[in-house]
Amino acid sequence: MPEPHGHLHRHHLLLLLFLLITAINSAPASAATTNYQIFKEAPQFYNSPACPSLDTNEMCSHQAVHVAMTLDAAYLRGSMAAILSVLQHSSCPQNIRFHFIPSSTANHHHLRLTISHSFPSLKFQIYPYDSSKVSGLISTSIRSALDCPLNYARNYLANLLPPCLSRVVYLDSDLVLVDDIAKLAATPLGDRSVLAAPEYCNANFTSYFTPTFWSNPTLSLTFAGRKACYFNTGVMVIDLQRWRQGDYTTKIIEWMELQKRMRIYELGSLPPFLLVFAGNIAPVDHRWNQHGLGGDNYRGLCRNLHPGPVSLLHWSGKGKPWVRLDANRPCPLDALWAPYDLLQTPFALES
């Protein structure tokens, strides 16, 4: 006789399948062709006794850790792994509030259903992002995935998220944490910085902009008086109030508009952030973004960890761990992502 818990688990999976089929049948024809993935239910994680109680308005609570992530069907498997890693390594997982940003044309019902099934107790909100406002500003870059309008949603976080939110941790979908996100969220921003991120001053900063940019007498003075260094925008702590006060969304858009008139950079959504913020951000220890594990933007070859301790592993670059694992061509470090993979395999469903 099967165990009651196993029977109940299969019942939940069958119910989810039924709901997904219903959602597909009721969706527009274009959406009905989507191959929906099914994810397992994650373990429940609880606060330690020392965790603070939250304000009445939990989604705006200053005691909570607020995390913003985009949601996209192509990267949903990565997003689910990232969410699990955040919760698993948090001292106060029940005090984390997630703010998800999908495209306005995505199937929001399916996304909500998927997240709620895997994380029944998760407190989250979904904020649809109308990408039409940015689509006309996107210039083709060295890799087509970098041209996805959702990559530019981070430019509009201060407009998309509730005005009551003052600080948020922005995370990409191709990463996992192995440390308490509260440490990252508490990064000091000083008196003036709008955002904090790990900086990499050994990188060749000039390579992020074209000769057209550097040969222009006016543009080349953009970084004058700033110790400008490369930083990766996949992990940032952002003061939304300062962002709004400085109208930084407009500043980023102005650079994108210039890029449409004269090509001053090649690499997607990163250079406008560098133009506006490089040299003026608060520092974060490199352990919080062991980036580049997806290799470069052309071949996505395997890479090793940077020297030093690790709190966050980031598969930025072309190679994504779930793609390489499915193709039976994983890189050694992909084994560190695999334990967070919640994808329900066909074999597991049958058993």
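For this chain, numbers begin at 1 and follow the sequence in order. Atoms considered below: every heavy atom in the structure, side chains included; atoms not considered: hydrogens, waters and symmetry mates.
- Here the CD1-CZ distance, from Ile126 to Arg112, works out to 4.5 Å after rounding to the nearest 0.5 Å.
- Following chains of ILVMFWY side-chain contacts shorter than 4.5 Å, one can reach Leu336 starting from Val86, so the two form part of one hydrophobic cluster.
- Between the side chains of Ser91 and Asp180, a donor-acceptor pair is found at a separation under 3.5 Å.
- Here the SG-CG distance, from Cys331 to Leu301, works out to 8.0 Å after rounding to the nearest 0.5 Å.
- Without hydrogens or angle criteria, Arg97 side chain to Cys60 main chain gives no donor-acceptor distance under 3.5 Å.
- Looking at residues two or more places apart in sequence or on another chain, you find a salt bridge (charged side-chain N to carboxylate O under 4.0 Å, His left out) between Asp239 and Arg242.
- Here Trp315 contributes atom CH2 and Asp174 contributes atom CG; the two are 9.0 Å apart, rounded to the nearest 0.5 Å.
- For the atom pair Cys92 SG and Ile181 CD1, the distance stands at 12.5 Å (nearest 0.5 Å).
- Heavy-atom contacts from other residues, nucleotides or ligands closer than 6.0 Å to CG of Asn204 number more than 12.
- Pro307 and Gln290 get closest at one heavy-atom pair: O-NE2, 4.3 Å.
- Scanning both residues, Arg244 and Ala158, for their nearest heavy atoms gives NE-O, 2.9 Å.
- Listed by chain and number, the residues in a salt bridge (charged side-chain N to carboxylate O under 4.0 Å, His left out) with Arg287 amount to none (sequence neighbours excluded).
- Leu71 and Met59 sit in two unconnected hydrophobic clusters of ILVMFWY residues. Membership requires side-chain heavy atoms under 4.5 Å apart, directly or through other members.
- For Lys251, there are no salt bridge (charged side-chain N to carboxylate O under 4.0 Å, His left out) partners at least two apart in sequence or on another chain.
- Using a 4.0 Å cut-off between charged nitrogen and carboxylate oxygen, Arg77 and Asp326 count as a salt-bridge pair.
- Residues passing the ring pair (Phe, Tyr, Trp, His ring centres under 6.0 Å) test with His99, sequence neighbours excluded: His66, Tyr127.
- Shown here is His306, whose NE2 atom has more than 12 heavy atoms of other residues, nucleotides or ligands within 6.0 Å.
- The side-chain hydrogen bond (donor to acceptor under 3.5 Å, both in side chains) test with Asp334 is passed by exactly one of Arg329, Arg324, Lys320: Arg324.
- With hydrogens and angles ignored, the 3.5 Å screen pairs no side-chain donor or acceptor of Ser90 with any backbone N or O of Leu87.
- Nearest heavy atom pair, residue Ser193 against residue Asn280, reads OG-O, 3.4 Å.
- Closest approach of Ala197 and Val235 over heavy atoms only: CB-O, 3.6 Å.
- Using cut-offs of 30° and 60° on the angle between ring planes, the pair Phe277 and Phe273 is tilted.
- No donor-acceptor contact under 3.5 angstrom links the side chains of His89 and Asp179, judged on distance only.
- Pairing each heavy atom of Tyr156 with each of Ile253, the nearest pair is OH-CD1, 3.6 Å.
- With 3.5 Å as the limit, one finds no donor-acceptor pair spanning the side chains of Thr206 and Trp214.
- When atom types are taken as modelled, the side chain of Ser118 and the backbone of Lys40 share a donor-acceptor pair closer than 3.5 angstrom.
- Side-chain N or O atoms of His291 include one that pairs as donor or acceptor with a backbone N or O of Asn289 at under 3.5 Å.
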Output side-chain donor-acceptor pairs under 3.5 Å for residues 219-230, partner residues at least two apart or in another chain, one line each.
residue, atom, partner, partner atom, Å
Ser220, OG, Asn216, O, 2.9
Ser220, OG, Pro217, O, 3.2
Thr222, OG1, Leu219, O, 2.5
Arg226, NE, Ala278, O, 2.9
Arg226, NH1, Thr222, O, 3.2
Arg226, NH1, Leu275, O, 3.2
Arg226, NH2, Leu274, O, 3.4
Arg226, NH2, Leu275, O, 3.0
Arg226, NH2, Ala278, O, 2.8
Tyr230, OH, Asn232, ND2, 3.3

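- One distance of note links CD1 of Ile101 with CG of Leu150; it measures 8.0 Å at 0.5 Å rounding.
- For His108, there are no ring pair (Phe, Tyr, Trp, His ring centres under 6.0 Å) partners, not counting sequence neighbours.
- Checking Ser121 against Gln94 by side-chain atom types alone, no donor-acceptor pair falls below 3.5 Å.
- Residues Leu333 and Leu177 fall within the same hydrophobic cluster, defined by Ile, Leu, Val, Met, Phe, Trp and Tyr side chains chained together at heavy-atom separations under 4.5 Å.
- Taking OH from Tyr170 and CE from Met236, the interatomic distance works out to 6.5 Å, rounded to the nearest 0.5 Å.
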